[in-house]
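First the proteins, then the strands, lettered A, B, ... as listed; each starts at 1.
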2 protein chains.
Amino acid sequence: MLQNPNLPSSKTSCFSCSLREFCLPAELEEDEINAINFLINRSCKTRRGGYLYRAGMDFQSLYIVRSGFFKTYVLDEDGREQVTGFHMPGEMLGLEAISTNVHTCHTVALEDSETCEIHFARLEEIGRIIPSLMHHFHKIMSGKIVHNHEIIALLGGMKARERLIALLLNLSDRFAKLGHSSSNFNLCMTRKEIGSYLGLKLETVSRAFSKLQKDGLIKINSKSVQLNNISWLKQRSGRYCQVIEGAEFL
Amino acid sequence: MLQNPNLPSSKTSCFSCSLREFCLPAELEEDEINAINFLINRSCKTRRGGYLYRAGMDFQSLYIVRSGFFKTYVLDEDGREQVTGFHMPGEMLGLEAISTNVHTCHTVALEDSETCEIHFARLEEIGRIIPSLMHHFHKIMSGKIVHNHEIIALLGGMKARERLIALLLNLSDRFAKLGHSSSNFNLCMTRKEIGSYLGLKLETVSRAFSKLQKDGLIKINSKSVQLNNISWLKQRSGRYCQVIEGAEFL
DNA sequence: CGTACGTTTGACTCTGTTCAATTGCCGTGG
DNA sequence: CCACGGCAATTGAACAGAGTCAAACGTACG
């Protein structure tokens with residue numbers, strides 16, 4: 001489901017990578033890209049259920065998802081897992097670890113996945129030579145913060161049904177950006193993982209899905225979802241299902 | 001309450017600033033600090049209730065709180081405010097705006113405050129010359145992400161009482177780092193703002209405070225709080241008030 | 001083929017919300 | 001100086017949404 005026909009092969013240079021727009025600024029010269037190529041280890045494969053890194057491990061590298069799907073989570077004091085994100089191709093992983101030089105979350109592949117490994121110290125070095133690369137990296141980090149704010153707003157203010165719609169629309173957008181269908185896709189996480197991410201119990205997630213289906217807004221069959229009318233969902237995602245003038249959210 | 005006796009005056013150099021450890025890496029030469037001084041505008045004063053910047057404004061500069069207290073918030077589609085953070089001296093503001101070059105949240109002073117303004121483009125330039133400065137900046141951004149994860153975990157998994165305790169302990173730690181009392185301090189935000197931040201209604205916040213006081217864990221009188229036994233609170237912050245072996249959280 | 005896991009659904013409980021009334025505090029103006 | 005209005009905080013009672021517990025079903029995998 002997540003296999004992009006243009007999937008970059010392990011031998012491909014960043015220059016011809018289909019995800020290049022996510023990782024690199026637009027205006028690079030070819031020799032600059034060659035320099036960047038040099039710092040990337042493209043050979044990182046993680047099988048479904050495998051860990052890319054674990055909380056507590058020393059931090060050395062950032063990762064960019066090339067194919068597949070990851071979740072990140074932290075364990076709270078009771079040892080229960082709190083999902084902090086789902087990650088699709090083009091997204092960067094490991095940024096939280098820069099502050100302490102130790103990874104603070106676990107990152108596990110929800111399907112067979114590939115990543116590019118970027119040695120962080122070398123990224124900082126090359127960033128000095130290629131300012132636009134450094135700036136692009138700052139934008140990526142900042143974007144993470146913005147995204148986190150959106151999740152905080154979601155957890156702070158939305159009801160179960162709205163949270164679910166927000167998640168579905170968010171995934172829809174991200175699939176669309178990768179060239180997949182925005183209205184039909186597979187959820188490769190469990191109800192429990194969705195619930196953990198959205199601050200809900202798995203039963204609540206299940207019930208909310210059923211309700212949305214009964215209302216004709218989505219069609220869902222275990223992992224596969226179909227969004228029946230995305231723009232309508234966007235309008236109706238608002239609290240209490242009032243019609244709200246087209247503000248996109250999350 | 002927040003006035004630090006060592007408050008940096010508007011004329012002070014970063015070199016002798018009491019907040020230096022928050023903003024700058026440890027191992028700088030004096031001439032490097034002079035270069036950094038050059039990029040900082042120290043004259044930013046914001047009166048209580050005034051805005052440092054607003055969502056939608058063009059992004060040019062980051063800010064570091066020098067004295068006072070800020071809150072940041074976003075407005076959701078209904079125009080209701082969702083508080084995304086409270087900010088004390090030494091903390092950096094504006095990082096969310098790097099990704100789009102536009103501020104995405106409103107930042108308002110909850111008491112008379114001073115900030116250092118840092119022109120971001122110039123920070124990137126000087127960062128190329130002083131790598132440890134650039135690296136320190138990366139750590140600060142990364143730290144924001146970690147902190148956001150903690151809030152997400154709080155909103156996703158904790159009950160009202162635990163959220164409140166977590167907030168109090170978090171403020172306590174931050175006051176302590178600034179050289180203030182960790183057990184007695186003033187909340188300069190309203191119950192409503194606390195509620196918005198913690199994903200609760202103001203009545204729930206008020207009730208939870210009352211309950212904590214009745215249980216002898218805190219003493220609270222409108223804005224002023226006293227934590228009776230911090231380490232005990234830390235242990236008892238856990239879910240359902242079970243005793244949990246000393247894991248710090250948030 | 002059987003076990004384990006994920007999902008769905010129902011009935012009941014409980015936490016937090018909503019609505020409303022009351023108190024306390026502070027600044028303004030008579 | 002006190003009276004008044006406005007805002008924040010507290011508290012109560014009724015209600016709703018999500019959590020908990022439990023049962024039953026489907027599906028994936030060894």
Side-chain angles (χ1 to χ4, degrees), chain A residues 1 47-49 71 76 78 80-83 108 110-112 154-167 186-215 218-225 238-242, chain B residues 48-49 71 78 80-83 110-111 154-168 186-215 218-225 238-242:
Chain A
M1 196 64 193
R47 298 206 72 75
R48 178 192 168 131
K71 77 168 178 190
D76 64 23
D78 309 348
R80 285 188 327 186
E81 98 176 34
Q82 165 74 42
V83 174
V108 61
L110 295 184
E111 48 184 54
D112 292 356
L154 177 150
L155 293 172
M158 290 187 178
K159 299 223 192 297
R161 176 197 178 89
E162 315 168 62
R163 294 186 195 191
L164 222 19
I165 294 177
L167 175 65
N186 265 8
L187 302 168
C188 49
M189 61 292 253
T190 66
R191 302 288 188 265
K192 192 172 178 190
E193 287 162 338
I194 294 173
S196 172
Y197 184 59
L198 297 179
L200 302 168
K201 295 294 156 182
L202 70 95
E203 294 94 331
T204 307
V205 173
S206 179
R207 271 185 256 270
F209 272 141
S210 301
K211 184 80 180 0
L212 286 172
Q213 179 162 244
K214 199 153 66 85
D215 295 351
I218 66 172
K219 201 149 109 45
I220 183 154
N221 190 320
S222 101
K223 299 283 184 200
S224 90
V225 208
R239 341 182 155 275
Y240 319 116
C241 230
Q242 297 161 348
Chain B
R48 178 191 167 132
K71 78 167 176 189
D78 310 348
R80 286 187 329 186
E81 96 177 35
Q82 164 76 44
V83 174
L110 296 183
E111 49 184 52
L154 176 150
L155 292 171
M158 290 188 177
K159 298 220 193 298
R161 177 198 179 88
E162 314 167 64
R163 294 186 194 192
L164 223 19
I165 294 177
L167 175 66
L168 291 174
N186 265 8
L187 302 169
C188 48
M189 62 293 254
T190 66
R191 301 287 187 266
K192 192 172 178 192
E193 287 163 337
I194 294 173
S196 171
Y197 184 59
L198 297 179
L200 302 168
K201 296 293 157 184
L202 68 94
E203 294 95 330
T204 307
V205 173
S206 180
R207 271 185 255 270
F209 272 141
S210 300
K211 183 81 181 358
L212 286 171
Q213 178 162 245
K214 199 153 67 85
D215 295 350
I218 67 172
K219 202 149 107 50
I220 184 154
N221 191 321
S222 97
K223 300 284 184 199
S224 90
V225 208
R239 346 185 150 271
Y240 320 114
C241 228
Q242 296 161 347

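Taken from CG in Leu110(B) to CG in Leu187(B), the straight-line distance is 11.0 Å, to the nearest 0.5 Å. If you take CG on Leu164(A) and CD1 on Ile220(A), they are separated by 7.5 Å, rounding to the nearest 0.5 Å. Separation of atoms CG (Asn186(A)) and NZ (Lys223(A)) is listed at 9.0 Å; rounding is to 0.5 Å. Summarising the geometry, atom CZ belonging to Arg80(A) is positioned 9.0 Å from atom OG belonging to Ser196(A); distances are rounded to the nearest 0.5 Å.
Taking only side-chain atoms of Lys223(A), from C-beta outward, the nucleotide of dA8(D), dT7(C), dG19(D) with the closest atom is dT7(C). Picking from dT7(C), dG17(D), dA9(D) the nucleotide with the shortest atom distance to the side chain of Lys159(A) gives dG17(D).
Nucleotide dT17(C) holds its P atom 16 Å from the CZ atom of Arg191(B), rounded to whole Å. For Leu164(A) and dG17(D), the CG to C1' distance is 15 Å, given to the nearest whole Å. Rounded to an integer number of Å, the gap from NZ of Lys192(A) to C1' of dA4(C) is 14 Å. The distance between atom CG of Asn186(B) and atom P of dC25(C), rounded to the nearest whole Å, is 15 Å. Distance Leu198(B) CG to dT17(C) P: 11 Å, rounded to the nearest Å. Separating the CD1 atom of Ile220(B) from the C1' atom of dC25(C) is a distance of 16 Å, rounded to the nearest angstrom. With rounding to whole Å, Leu200(B) atom CG is found 14 Å from dA18(D) atom C1'. The interatomic distance linking Glu162(A) (CD) with dA16(D) (C1') rounds to 14 Å, in whole Å.
In this structure, Gly199(A) reaches the sugar-phosphate backbone alone: every heavy-atom distance under 4.0 Å involves primed, P, OP1 or OP2 atoms, never a base.
Of all heavy-atom pairs between Lys71(B) and Val83(B), the closest is CD-CG2, 4.3 Å.
Remark: side-chain polar atoms of Asp112(A) are paired, donor with acceptor, to backbone N or O of Arg48(A) under 3.5 angstrom.
Considering only heavy atoms from C-beta on, Glu81(A) comes within 4.5 Å of Glu193(A) through its side chain.
Within residues 202-211 of chain A, the residues having any heavy atom closer than 4.0 Å to DNA chain C are, in order of number, Leu202(A), Glu203(A), Ser206(A), Arg207(A), Ser210(A).
Here Lys201(A) reaches the OP1 or OP2 of dT20(D): one of its side-chain N or O atoms lies under 4.0 Å away.
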